[in-house]
Amino acid sequence: MTLFDDEYNRERETPKRGDRLYLHLSDLRDAIVPVLTEAAEGVWLDYGSGTSPYRAHVRGRLLTAEVPSSLGDVGPDFVLDPEGRCPAADETFDGVLSTQVLEHVRDPDAYLREALRVLRPGGHLILTTHGVWEDHPCPLDLWRWTAQGLKAAAASAGFEIERCSAVTIGPRAAVFLMEYLLTDNPVSLRASRGLVDVVASLSFRALRWLVQHRRPAFHEYVDTRFPRQERDPKPGDVYLTLVLIARRASR
């Protein structure tokens, strides 16, 4: 069974206004690309690669690791075993990239320790995973993370944490979730019972129509009104994804 296709890749590599997940995937790309452009030299591993949508931004050589058959006829460089272990030798890579994978693995600690094992001393881990997100098994969806929890997990596995920031935060996250509610999982509106209900129902239906039929314009407005942010999370923040930058200690 193929879990990923060309459109899945395109939405992540070149997100555009009007795409279903544009508000978040554009934020995610804008957070990952500068880090890769600066740090990704040498030989890197995309660990749980899918279609490896960010590979063009690795200046060195990028190899992929994925579970069997998830890419159809296109095989990865390394086939992961049922426990997610990679058959690469110790200290093979200058960097490990992991984008939206950790929430799907059965044992996050084992996954992070495996990432550490294949890294050369001084090598970097660039990892993104969800804070708040819909249930999306492929085939499993097991975890959500806070910044403190993700840093603690990476440190427990042996990494030195450089930073952990949040993307798609606050009002922008709320608008994204509202857009999902209005289109992918529409709410049934009860029959109107008074003036307030009538006004609320009409407003809700108008907003749903705008999102469904004028989505590029809606995204343009949101980009202007609630532009992308990336920052250390603060108490009370709601965020869709975390970006962790960590390294294996030098000898």
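It should be emphasised that the depicted structure is a prediction, and the values quoted were computed from it without experimental measurement. The residues of the chain are indexed from 1 along the displayed sequence.
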Side chain to side chain, L182 and Q212, heavy atoms closer than 4.5 Å: no
Can you sort out the partners of T241 under side-chain hydrogen bond (donor to acceptor under 3.5 Å, both in side chains), two or more places apart, ordered by chain and number? H24, Q100, H130
Centroid separation under 6.0 Å, is that true for the rings of W133 and F176? yes
Taking D81 for its side chain and E83 for its backbone only, find out whether a donor-acceptor pair lies under 3.5 Å. yes
Between E103 and R144, is there a side-chain heavy-atom distance shorter than 4.5 Å? yes
Note, W143 side chain near L102 side chain (heavy atom, < 4.5 Å): no
Whether K16 and E11 form a salt bridge (side-chain N of Lys/Arg under 4.0 Å from carboxylate O of Asp/Glu) is what I want to check. no
Begin with the C-alpha distance, continue with both residues' side-chain angles, and end with the deciding distance and a verdict on side-chain hydrogen bond (donor to acceptor under 3.5 Å, both in side chains) for D46 and T64. CA-CA 5 Å; D46 195 340; T64 57; over 6 Å; no
Ion pair present between E41 and R59, side-chain N to carboxylate O less than 4.0 angstrom? yes
Evaluate E13 against R10 for salt bridge (Lys or Arg N to Asp or Glu O under 4.0 Å), listing each step before the verdict. CA-CA 5 Å; E13 184 177 13; R10 200 279 306 161; over 6 Å; no
Is there side-chain contact between P53 and Y8, with heavy atoms separated by less than 4.5 Å? no
Are side-chain heavy atoms of I126 and L36 found at a separation under 4.5 Å? yes
Would you mind checking if E230 and R163 are paired as a salt bridge, meaning a charged N to carboxylate O distance below 4.0 Å? yes
After noting the C-alpha distance and the side-chain angles of Y22 and D223, does the key distance pass the side-chain hydrogen bond (donor to acceptor under 3.5 Å, both in side chains) rule? CA-CA 10 Å; Y22 164 78; D223 279 341; 2.5 Å; yes
The salt bridge (charged side-chain N to carboxylate O under 4.0 Å, His left out) partner of E91 among R120, R117, R248 is R248
For F159, enumerate each residue passing the ring pair (Phe, Tyr, Trp, His ring centres under 6.0 Å) test, keeping only those at least two apart in sequence or located in another chain. none
Please evaluate residues D109 and R113 with respect to the criterion salt bridge (Lys or Arg N to Asp or Glu O under 4.0 Å), reporting the C-alpha separation (whole Å), side-chain torsions for both, the decisive distance (0.1 Å), and the verdict. CA-CA 6 Å; D109 182 66; R113 291 185 185 280; 2.9 Å; yes
